[in-house]
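This report refers to the structure that appears directly beneath it.
Each ligand, and each atom within it, is numbered from 1 in the order the structure gives. Sequential numbering from 1 along the given sequence is applied to the chain's residues. Both backbone and side-chain heavy atoms feed into the values below; hydrogens, waters and symmetry mates do not. What you see is a predicted model; the values in this text were computed from it and never measured.
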Amino acid sequence: MVPDFCVQEVICQVQGDTIAAIATPLGTGGIGIVRISGVEAISVAAAVFRPARGGAVENTAGYRVRYGHVIDHNGAVIDEALLLLMRQPRSYTGEDSAEISCHGGLVAVRRVLETVLAAGARLAKPGEFTQRAFLNGRIDLAQAEAVVDLVRAGTERSAQVAMQQLHGELSRHIAQLREALIGLVARFEAMLDFPEEEETAGNMRALGDSLSTLRCQVEALLESARTGRILREGLKVVIAGKPNVGKSSLMNALLRQNRAIVTDIPGTTRDLLEESINVSGIPMVLLDTAGINETDDPVERIGVQRSRESLLAAELVLFVVDDALGLDQRDTEVAEAIGARPTLVVINKLDLGRRLVDDTVKDLVVKPIGIVRVAAKNGQGLDRLRNMIAGFVEQGLQISQRFEVTDERPIVSNVRHVDALRGTSDFLQAALAGIQNGMPVDLILIDLYHALDRLGEISGETVREDIIDRIFADFCLGK
Ligand SMILES: Nc1nc2c(ncn2[C@@H]2O[C@H](COP(=O)(O)OP(=O)(O)OP(=O)(O)O)[C@@H](O)[C@H]2O)c(=O)[nH]1
Ligand SMILES: [Mg+2]
């Protein structure tokens, strides 16, 4: 147990040099905010800010807004502004901090920042404010990452997940799992110390059961990751089919804009076209591809290759066939390229006639999740298609939502966390296999120590420094 005064001392020690950055987006806007943090934050603020009603800036209470002017070292007025001081440890970074709200726009905020830098602060690196919050123990790594996710969230659902993580729900859950694992490790270690007393078959079985339960909990978190990833990055939906069936027309119709070039010449689309759309609050990344086709044209060949590659990562395929043209060998080839990915069959050009029988098309596909007739050209049937896409995602989401409600498991949405959880699960599995095969306790313990390390990476307890640096480098400036 660390005595309180020590903690206080640590907090004082990690007050870093004084950093500053513009925290609002660059561009025309009503207000711009310059943020300052570090051991001299308050004296830097005092050097550049003159309160309208006089009095020393240093004496201003925390969380009290003051009105005044930003002045340069000659006393010239740079801007009219509001100043807010936050004293350590009660600030975002845990250090003394100040925020100057000045006029927005490209020039005004930049001039205020320059004045602040001239008064002794240095320009912050991307993510440095949040990194200090992490180093000062205000938030753990998972929470810091949630800050980025929240700022970048493109839909309400993804923002909710990020907010949940920022509040520490994931961190608390991971901490519980870690505590349980530490408890189990202690029991294994006790076996090493007192082998005669502890290492009975019954004892081993009980420990194995507890480990197995723990691993199930880790796996359940991993299962939630699919939902989390979709909410963060969007479901990958690939539009595939032979040339000229109307893939690009379908892309445009779904986007409600003329994004892709449409012509009656087969082989119009040569490259992948990617756009984000939102179906019932669920983000999706829609990909239009070159028609899959044997061809001698070198450019089209590359396009076809890319189409095939994009299918590998598809989470849902819209397999477009042409109702007027009917099926041929090329459709079979497309179906083969799609393989076992969930496939919605879209029979296009409904307006030109009904040649295709549902079942013959469906039979081509390994994993059909539905079939729908549309006319991409005039929008017929598109609402049904949208509903079917949304239905497919909702089905997947419900599974994780059930987890969330009954077990109060948070959703994991970060690739790094998924990787750490997978590693944890693998090491737990190895330990379980060790128990089953009657391995010596010290060997089982090695796997458990690894599992503990991997689990601790999520909150940042056991993560390498270069990884921490990389995480924060991904932040925007001023965060
Ligand atoms: N009548 C009718 N024509 C359509 C429909 N959808 C697309 N077309 C026409 O079919 C032709 C091909 O459309 P595209 O959208 O370029 O087809 P694609 O599958 O992207 O073709 P590639 O990029 O060459 O593989 C165009 O002339 C479109 O106007 C439809 O619903 N009805
Ligand atoms: Mg096209």
Examine the side chains of E457 and T462 and answer whether a donor and an acceptor come within less than 3.5 Å of each other. no
S425 and R215: side chain donor to acceptor below 3.5 Å: yes
Give the residues near ligand 1 by chain and number, with the criterion being a heavy-atom distance under 4.0 Å. P243, N244, V245, G246, K247, S248, S249, V262, T263, D264, I265, P266, G267, T268, T269, G291, N348, K349, D351, L352, A375, A376, K377
Side chain of R416, backbone of I458: donor and acceptor closer than 3.5 Å? yes
Residues in side-chain hydrogen bond (donor to acceptor under 3.5 Å, both in side chains) with K242, at least two apart? D328, D331
Any side-chain donor-acceptor pair under 3.5 Å between T115 and D72? no
Without hydrogens or angle criteria, can the side chains of T268 and T263 be said to hold a donor-acceptor pair below 3.5 Å? yes
Do the side-chain N and O atoms of E145 and H417 include a donor-acceptor pair separated by under 3.5 angstrom? yes
Closer than 4.0 angstrom, basic N to acidic O: yes or no for R373 and D358? yes
Going by the rule ring-ring contact (aromatic ring centres under 6.0 Å, His included), which residues pair with H103 if we only count those two or more places apart in sequence or in a different chain? none
Protein-derived N, O or S atoms lying less than 2.8 Å from the Mg ion (ligand 2), waters not counted, sum to 2
